[in-house]
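The model shown is predicted, which means the values in this text are computed figures rather than measured ones.
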Amino acid sequence: MLRAAHEHLRKPGAAIVNISAPQSYMPMEGQVHVGAAKAGVDMLTRNLAVEWGRDGVRVNSIVPGPIEATEGMERLGAAPGARAKLEKLIPLGRYGRKEEIADLAVFLCSDAAQYVTGAIVVCDGGQSLLGSAGFRPD
């Protein structure tokens with residue numbers, strides 16, 4: 001998809017925002033498929049930032065943490081009491097909101113971020129600072 005979009009984006013000010021996951025840099029039990037795929041997204045982001053920068057295209061990625069009302073958290077945090085336990089492990093003490101991820105994406109596409117490319121931006125309330133143990137709701 002990115003390759004197909006490149007010809008339409010080749011101009012100064014163009015921006016791409018990929019979505020990754022903490023499994024890209026933090027191993028988690030039962031998540032090997034996600035880790036491999038999202039590590040690929042992160043490297044794709046960095047490589048395209050280098051290759052397409054000369055064309056005026058900025059490429060960045062967002063790594064969301066636990067975001068309420070998403071399929072991922074409905075699956076990973078479905079066990080009784082899992083949400084409360086997980087929220088205690090997040091330094092900001094709560095799940096993120098979809099709007100917070102959207103706000104970060106808008107920033108990365110805006111002129112305020114016109115010198116930002118190849119960044120993998122973590123937006124997880126500080127949870128990844130605790131290591132992979134912070135992602136185990138059981």
Test item: V122 and Y25 side chains (from C-beta on) under 4.5 Å apart, heavy atoms: yes
Non-neighbouring partners of A69 that pass side chain to side chain contact (heavy atoms under 4.5 Å, CB included), sequence neighbours left out: K98
Connected via hydrophobic side-chain network under 4.5 Å: I101 and F107: yes
Over all atoms of both residues, closest heavy-atom pair of L9 and V57: O-CG2, 3.3 Å
Euclidean distance, W52 CH2 relative to N47 CG, rounded to 0.5 Å: 11.0 Å
Spatial distance of atom CD (Q127) from atom CG (L86) [nearest 0.5 Å]: 5.0 Å
Same apolar cluster: M26 and V63, side chain cutoff 4.5 Å: yes
Rounded distance (nearest 0.5 Å) linking atom CD of E51 with atom CG of L44: 9.0 Å
Chi angles and distances behind the side-chain contact (heavy atoms from CB on, under 4.5 Å) call for C109, V17: CA-CA 7 Å; C109 291; V17 177; 3.7 Å; yes
P64 to I62 - nearest heavy-atom pair and separation: CD-O, 3.3 Å
Single-linkage hydrophobic cluster, 4.5 Å side-chain cutoff, Y95 and I67 together: no
Contacts of type side chain to side chain contact (heavy atoms under 4.5 Å, CB included), residue V116, not counting sequence neighbours: N60, L108, A113, A119
Nearest-0.5 Å distance, SG of residue C123 to CD1 of residue I19: 9.5 Å
Which residues share a salt bridge (Lys or Arg N to Asp or Glu O under 4.0 Å) with E99, sequence neighbours left out: none
I90 and D124: CA distance, side-chain angles, deciding distance, side-chain contact (heavy atoms from CB on, under 4.5 Å) verdict: CA-CA 8 Å; I90 300 170; D124 69 354; over 6 Å; no
For V34, side chain to side chain contact (heavy atoms under 4.5 Å, CB included) partners two or more places apart: A21, Q23, Q31, K38
Pairwise distance CG(D55) to CZ(R10) - rounded to 0.5 angstrom: 4.0 Å
Interatomic spacing from OG in S110 to CG in D103 - rounded to 0.5 Å: 11.0 Å
Evaluation steps, side-chain contact (heavy atoms from CB on, under 4.5 Å), between L104 and V121: CA-CA 9 Å; L104 179 53; V121 183; 3.7 Å; yes
Side-chain touch S24/M43, heavy atoms, less than 4.5 angstrom: no
Set of residues satisfying side-chain hydrogen bond (donor to acceptor under 3.5 Å, both in side chains) with respect to S20, sequence neighbours excluded: D42
Test log, rule side-chain contact (heavy atoms from CB on, under 4.5 Å), inputs N18 and L2: CA-CA 10 Å; N18 294 317; L2 292 173; 4.0 Å; yes
Contacts of type side-chain hydrogen bond (donor to acceptor under 3.5 Å, both in side chains), residue E100, not counting sequence neighbours: R94, R97
